[in-house]
Amino acid sequence: MTSNPLPLNISRFGGCTLTGALSVTTQVRDTVTIVHGPKGCTHHNFSLLHATGLDNDRVTLPDLISTGLVESDIIFGGEGALERTLDAVAKRNIGAIFVLSTCIVDSIGDDVAAVCRRNRGVPVLPVPSGGFLGGTFQNGMNNALNAIADTAEPCQKGWCVNIIGEKNLEYEVEENCAEVTRLLTALGISVNLRFLRDCSMIDITRLGAARLNILRDDDLRTVGERLHQRFATPFISSFPVGLAGTNDFLESVADSFGVKNLRAVREEKVLQEEILTEFKDITGTSITFDPALTDSDTFKIACEVADRIDITIDRDGCRVPLEISPPVGTAGVRRMLHRWRRAIHA
Amino acid sequence: MPECENPLWPCAMTGAASCLAGFDGITVVIHGSSGCYYYPATLLHVPLHGTFINENEVIFGSEQRLHEVLDGLFGKGKKIAVVMTCVPAILGEDVLSMLKDYDVILVDSPGFSGDIEAGYKKALSVLAPSVDPDKEGINIDGACLFDPFSWGNVREIVRLLGCASVPVGTVFCSDRLESVGNAAAYTVGTNLDFSSGVGTWLGGTLGFEEISTTFERIASIFPEADPGPVDTEIEREDERIVRACDKFLRRFDPPQAVIFSGFSYATFAARTLKQYLDADILYVGFRNEPGTSPYPGGYVQGFSRVTSLLRQFNPDLVIGSSFERSVDPKRAFVGLTPPLRGMVKLAPHSVAGISGTLSFVEDVLNACMDRKK
């Protein structure tokens, strides 16, 4: 095992469960998230969410409250601090309170769920997020999505889809959503709910109205299955990635809605050819990637794109950037090619 | 009230990492979960390592994992420093004995033990800095990686000491590790909140008056020192600032300012605004325990307090971090306090030294004039 923080071992390097849960709960506007732990954990995440928010041109800061555990709470138990904080926050006029645990709280054995059960006149949703004890960043995200989904009830279906589990800390989160929306629009289908990005508790009541759920990626499969079970909504397990993958996505969504898709796919293929033509000047070059990513889905998409544009992948080629997440849709491939061209011409 | 809404200041673990990672010759290992690792790693912009412990280590002990990580790092010519985070600190393991076969530094500074300054000081004390009476020059302290101005501060004070023909001793904490035990007998500061306590204190370098006083003291101790060039530069730049501020005041009212920062920077900002712009200092919110201050203010730990103070005083100038800027992005704002998110900073800007005051006043005037347009 290495201490290199590259994402080679997801159990250790999969990020903080608390951060994953916060990336979801802080997207619900009329709520407060209590982080039960030392205030450093809250500051770290507050600062991180602030930074990623600014990257996405959002200046609004999340409402996080730390129970502010200190050494004496660690010794004698922190449930009293959580009680006091919950009582104070419940007096506010808010839609719900999320209570997120931290690894120190799970280590000392505070019964967070029991403290949250007491009726305070406002929904209190505990989300298991005990840092490494709870698993990875993805576990935190999934736990939060599931906890919030449980507040919605089944309702009448519409001609629409939900987008499930966007990576809210991703730099290009809005661009990825815009690309999926563009493809859906080509099929005449609208987005019902971005579950969860910038919405209110009332918006979440519409969760069951979609005819199809589109998961951000396959790591959200357990969430997709739970939503299927609860709302009878089938799911597609990933955003469209790569060129062929984008066309497959269009076909899958169309099939799910029982609509004809020939025109949309044909037009997408034309668009893809036009984009590849834009990058003719790098045809015939040779590129290479970060070796740590050669087993990733991104690598497969990169190979597909390189093949389509007659670029050779060679260990001695020009090192081009590759993100951990594959490029979303045709627009994502185009942005990736721009970065390759910059590196090749550098 | 024990709880804190949106805490604004990092924990002791981050402080320890900020101190240790500043020294060339130390490899810092954060002994804790991935969450504890990622924050300092993204904030400090230096290579850090982690044990990334998970539930296995909590149940069965972290010794094997710690050894696994240390074995991978040994033999690369650097001293290893292990920084304890909250969970390992409460597991009850005898980490010192776990590390007995390794030549490592152990810093016990879990997040619940205090704020960044506490961890910074703890880590520095573990490094056991000492003065070498034969070492020439003057140490510079207050250079904490957490502070986005620390690099600029050090460069500026190195420049000023050079102008005065005084060699630089050890820079705390941005130097080679060997320099820690080989510090000079005298020290000047850039940011008192992160002072080292090493050597005889000759003074700070925040603001022209402080710089002049400090260089006077330097000249009185070092016969070969020549503060003349520094004095001349201060005189020249002071005139430029006075001219620019006077011009501003011909058209505009003095700013009514609210300041949020560590005690040292906040006091500098208030003093400078008062001196050059006759500013009305409505409130100074200190991020850390405040010292004695002539300005109205207090200890402000959480973001909700920031929001309510800004609502209460409705200043036309806010000095602080990007947290404060986010309350009302239309208000004139100058970034002085970490974090300064959402802006690109590549050049070595300073707060300390002559350049620091020039930059600060320049930023204030531009922010105020842009706002008034």
Side-chain angles (χ1 to χ4, degrees), chain A residues 1-5 9 11-19 32 34 37-48 50-55 57 59-71 73-75 81 84-85 88-89 102-104 106-108 131-137, chain B residues 1-14 29 32-43 48-58 65 68-70 72-73 85-87 89-91 110-113 115 301-304 322-323 325-327 329 338-339 341-343:
Chain A
M1 187 67 63
T2 169
S3 62
N4 187 329
N9 178 332
S11 68
R12 289 201 192 279
F13 307 118
C16 177
T17 321
L18 174 64
T19 309
V32 166
I34 293 176
K39 67 182 180 167
C41 296
T42 309
H43 168 77
H44 294 181
N45 284 285
F46 177 54
S47 189
L48 181 71
H50 171 52
T52 54
L54 287 172
D55 277 347
D57 306 319
V59 292
T60 316
L61 286 159
D63 214 348
L64 308 185
I65 297 181
S66 170
T67 52
L69 298 190
V70 292
E71 203 150 355
D73 299 310
I74 306 296
I75 296 164
R84 284 193 299 275
T85 308
V89 175
T102 56
C103 43
I104 189 85
D106 281 9
S107 297
I108 63 175
F132 57 85
L133 291 170
T136 62
F137 179 95
Chain B
M1 202 162 61
E3 69 265 19
C4 180
E5 188 159 353
N6 292 335
L8 299 165
W9 217 223
C11 66
M13 179 274 295
T14 308
V29 177
S33 68
S34 58
C36 293
Y37 167 84
Y38 283 118
Y39 176 70
T42 57
L43 189 77
L48 297 176
H49 297 263
T51 54
F52 297 84
I53 58 172
N54 59 26
E55 67 274 22
N56 286 333
E57 282 79 43
V58 175
R65 175 62 189 158
E68 198 173 36
V69 171
L70 295 181
L73 293 170
T85 62
C86 291
V87 171
I90 64 152
L91 289 181
F112 59 76
S113 68
D115 283 343
Q301 297 185 75
F303 185 66
S304 57
S322 47
F323 294 140
R325 185 187 51 197
S326 68
V327 176
R341 309 278 198 180
M343 59 179 80

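Residue numbering restarts at 1 for every chain, and letters A, B, ... go by the order of the sequence lines.
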(message) I'd like to verify something: which residue of A/Thr19, A/Asp57, A/Asp55, A/Asp63 has the highest number of heavy-atom pairs under 4.5 Å with chain B?
(response) A/Asp63

(message) Quick check on the interface: out of B/Gly342, B/Pro329, B/Ser322, who has the most heavy-atom pairs with chain A under 4.5 Å?
(response) B/Ser322

(message) Is A/Ile74 in contact with chain B via its backbone, its side chain, both, or neither, using a 4.5 Å heavy-atom distance?
(response) side chain

(request) Flag the pair B/Tyr39 / A/His43 as yes when at least one side-chain heavy-atom distance between them is below 4.5 Å, and no otherwise. (result) yes

(message) Let me confirm one number: the CD-SG distance from B/Glu55 to A/Cys103, rounded to the nearest 0.5 Å.
(response) 11.5 Å

(request) Would you please name every residue forming a side chain to side chain donor-acceptor pair (under 3.5 Å) with B/Ser113, sequence neighbours left out? (result) none

(request) Give the minimum heavy-atom separation between B/Arg341 and A/Leu48, together with the two atoms involved. (result) NH2-N, 4.1 Å

(message) So for B/Met343, is it side chain, backbone, both, or neither that comes closer than 4.5 Å to the heavy atoms of chain A?
(response) neither

(message) Do B/Asp115 and A/Lys39 have side chains that approach each other closer than 4.5 Å (heavy atoms only, starting at C-beta)?
(response) yes

(message) Counting only non-hydrogen atoms closer than 4.5 Å, does B/Pro10 touch chain A with its backbone (N, CA, C, O), its side chain (CB onward), both, or neither?
(response) both

(message) Does any backbone or side-chain atom of B/Ser304 lie under 4.5 Å from a heavy atom of chain A? Answer side chain, backbone, both or neither.
(response) neither

(request) State, yes or no, whether a side-chain contact exists between B/Cys11 and A/Pro38 at a heavy-atom distance under 4.5 Å. (result) no

(request) Examine whether an atom of B/Phe323 lies under 4.5 Å from a heavy atom of chain A, and if so say whether it belongs to the side chain, the backbone or both; otherwise answer neither. (result) both

(request) Taking all non-hydrogen atoms of both residues into account, name the closest pair between B/Ser326 and A/Leu61 and its distance. (result) OG-CD1, 2.7 Å

(request) May I ask you to test the A/Leu69-B/Phe112 pair for a side-chain heavy-atom distance under 4.5 Å? (result) no

(message) Please classify the contact between B/Ile90 and chain A as side chain, backbone, both or neither, with a heavy-atom cut-off of under 4.5 Å.
(response) side chain

(request) Could you have a look at B/Ala41, B/Ala89, B/Gly35, B/Ala12 and say which one has the most heavy-atom pairs with chain A under 4.5 angstrom? (result) B/Gly35

(message) Measuring from atom CZ of B/Phe52 to atom SG of A/Cys16, what distance do you get when rounded to the nearest 0.5 angstrom?
(response) 11.5 Å

(request) Under 4.5 Å heavy-atom distance to chain B, tell me which part of A/Leu64 shows up: side chain, backbone, both or neither. (result) both

(request) Would you mind reporting whether B/Thr14 and A/His44 have side-chain heavy atoms less than 4.5 Å apart? (result) yes

